[in-house]
Amino acid sequence: DVTQLRALEALPSGSTPAQVCAAMNFTYFIDNDAAGVKQADMPTANAAISYAAGHPTYCDGLSYYYPPPKASHAWAISGSRSTTGNTIIHGDPQILLEIPSLFHEVHVSGATFNARGVNAPGSVGFFVGFNSRVAWTGTKLSSDTDDVFRLEMVSPTTYRDASGTVHSFVPRNEIISSSTGAPTSVQFNETIYGPVITDYLDAADAQGDQFVWRSSLFYDMSHHTLDATLAMLRAQSVNDFASAMQYWHTPSANIVFGDASGNIGYWYGARPPMRDADSPVPGYIAQETDDDWIELIPHNLLPHTINPASG
């Protein structure tokens, strides 16, 4: 992102958005024919279209191509389409065979949940799982939920936000424990936008500026993916599960689910931001804090469907 920012700064003054996007080799992929969830399947499609129309992008209207990511397989068949009347959920994560394995099978139970599934060791909840009433699975989504922002520095330890208010860095020291060795201490500075990551950049790119990591992961700290996973374990219907997805921030995933009553659903598992229209190619070029995110796109406007007509 910072490398691309330097390329942007090298463009002639007064370059148009089209010239900027072309020079940055910006790629944008749209393939509605490949979509598993069609516009007609999404009950809030018109509201989502209106929302998008009210937030034009810097490269709005420009057509580019980006090869879609290779990912896993997931599908659901509703009870109305199966020979038994039961929902069928198929999950096929395309995970490399490794030792130790990335995914482990786990059974968890408590006063309000009893579920089984697979996930990375140490994770709470399951990427693929089921309880007595609901099952779910997922595939890679690659949602763009992160940006790099350049701070407007006032002094070596203070910076100015878009309103002109000056803030100080907040030093943090995180201790990462290890079962096989001494704990590791990680020190960094925190800002209202996220942690300062300049130390991880190439000095030739940083050029003395300070950069922060802006992520939906900590944009709204009132909820976390942990809240989603616990609610998923407790879900008793597709509607319960869909409600749990509002707290899912990361990792981004396509989540397919179904319940014992024959219902199925899909939800876009991420909370991408609505970016400022003046942000040149966000997610690809480091941004200025004057062009900060507007909000996270509302949960009900993300791609989703419950009991699509096709079954």
Going by atom type alone, with no hydrogens or angles, which donor-acceptor pairs under 3.5 Å involve a side-chain atom of residues 108-115 and a protein atom two or more places apart or on another chain?
| unit_1 | atom_1 | unit_2 | atom_2 | d |
| --- | --- | --- | --- | --- |
| Thr112 | OG1 | Arg234 | NE | 2.6 |
| Thr112 | OG1 | Arg234 | NH2 | 3.4 |
| Asn114 | OD1 | His107 | NE2 | 2.7 |

Side chain proximity check, Phe103 to Phe127, heavy atoms < 4.5 angstrom: yes

Judged by atom type as modelled, is there a donor-acceptor pair below 3.5 Å linking the side chain of Thr229 to the main-chain atoms of Leu226? yes

What pairs meet the salt bridge (Lys or Arg N to Asp or Glu O under 4.0 Å) rule with one or both residues in residues 111-123, with sequence neighbours excluded? Glu105-Arg116

Sequence neighbours excluded, which residues qualify as side-chain hydrogen bond (donor to acceptor under 3.5 Å, both in side chains) partners of Asn46? none

Minimum side-chain heavy-atom gap Asn307-Ile264 below 4.5 Å: yes

Apply the ring-ring contact (aromatic ring centres under 6.0 Å, His included) test between Phe241 and each candidate in Trp248, Tyr266, Tyr247, Trp136; give the one that qualifies. Trp136

Is Leu151 close to Val212 at the side-chain level, that is, under 4.5 Å between some pair of heavy atoms? yes

Does anything in residues 174-199 form a salt bridge (Lys or Arg N to Asp or Glu O under 4.0 Å)? List the pairs, not counting sequence neighbours. Arg172-Glu174, Arg172-Glu190

For Ala74 and Thr139, which heavy atoms make the closest approach, and how far apart are they? CB-CG2, 3.5 Å

Test your reading of the model: is there a side-chain donor-acceptor pair from Ser155 to the backbone of Thr158, 3.5 Å cut-off? yes

Is there a donor-acceptor contact under 3.5 Å from the side chain of Thr191 to the main chain of Pro195? no

Side chains of Asp220 and Ser222: is there a donor and an acceptor less than 3.5 Å apart? yes

Listed partners of Asp292 passing side-chain hydrogen bond (donor to acceptor under 3.5 Å, both in side chains), at least two apart: Arg214

Thr198 side chain near Tyr200 side chain, heavy-atom distance below 4.5 Å: no

Would Ser163 and Asp161 count as having a side-chain donor-acceptor pair, cut-off 3.5 Å? yes

What pairs meet the ring-ring contact (aromatic ring centres under 6.0 Å, His included) rule with one or both residues in residues 158-181, with sequence neighbours excluded? Tyr159-His167, Tyr159-Phe169

What pairs meet the salt bridge (Lys or Arg N to Asp or Glu O under 4.0 Å) rule with one or both residues in residues 240-250, with sequence neighbours excluded? none

Looking at Gln207, I'd like to know if its CD atom is crowded, meaning that more than 12 non-hydrogen atoms belonging to other residues, nucleotides or ligands lie closer than 6.0 Å. yes

Identify the two heavy atoms, one from Ser237 and one from Asp259, that lie closest to each other, and give their separation to 0.1 Å. CA-OD2, 3.6 Å

Is Ser215 close to Asp147 at the side-chain level, that is, under 4.5 Å between some pair of heavy atoms? no

Value rounded to 0.5 Å, distance of CD1 in Ile255 from OG1 in Thr137: 7.5 Å

Hits for salt bridge (charged side-chain N to carboxylate O under 4.0 Å, His left out) against Arg271, two or more places apart or cross-chain, chain-then-number order -> none

Quick one, Ile197 and Val148 - any side-chain contact, counting heavy atoms below 4.5 Å? yes

Do the non-hydrogen side-chain atoms of Phe257 and Ile306 ever get within less than 4.5 Å of each other? yes

side-chain hydrogen bond (donor to acceptor under 3.5 Å, both in side chains) involving Tyr51 - partner list, sequence neighbours excluded: Glu295

Is there a donor-acceptor contact under 3.5 Å from the side chain of Thr305 to the main chain of Asp41? yes

Just jot down the salt bridge (charged side-chain N to carboxylate O under 4.0 Å, His left out) partners of Arg160, sequence neighbours excluded, or say none. Glu152

Report the residues that fulfil side-chain hydrogen bond (donor to acceptor under 3.5 Å, both in side chains) with Ser80, sequence neighbours left out, ordered by chain and then residue number. Ser78

Pair Trp267 and His299, ring centroids less than 6.0 Å apart: yes

With a 3.5 Å cut-off and sequence neighbours excluded, list the donor-acceptor pairs that the side chains of residues 179-188 form with protein atoms.
| unit_1 | atom_1 | unit_2 | atom_2 | d |
| --- | --- | --- | --- | --- |
| Thr180 | OG1 | Ser178 | OG | 3.2 |
| Ser185 | OG | Asn173 | OD1 | 2.5 |

Looking only at the aromatic ring of each residue, does the gap between the centers of Tyr219 and Trp293 stay below 6.0 angstrom? yes

Is there side-chain contact between Arg150 and Asp209, with at least one heavy-atom pair below 4.5 Å? yes

Centroid separation Phe218 to Trp213 less than 6.0 Å: yes

Any side-chain donor near an acceptor of the partner, Ser72 and Asp92, under 3.5 Å: no

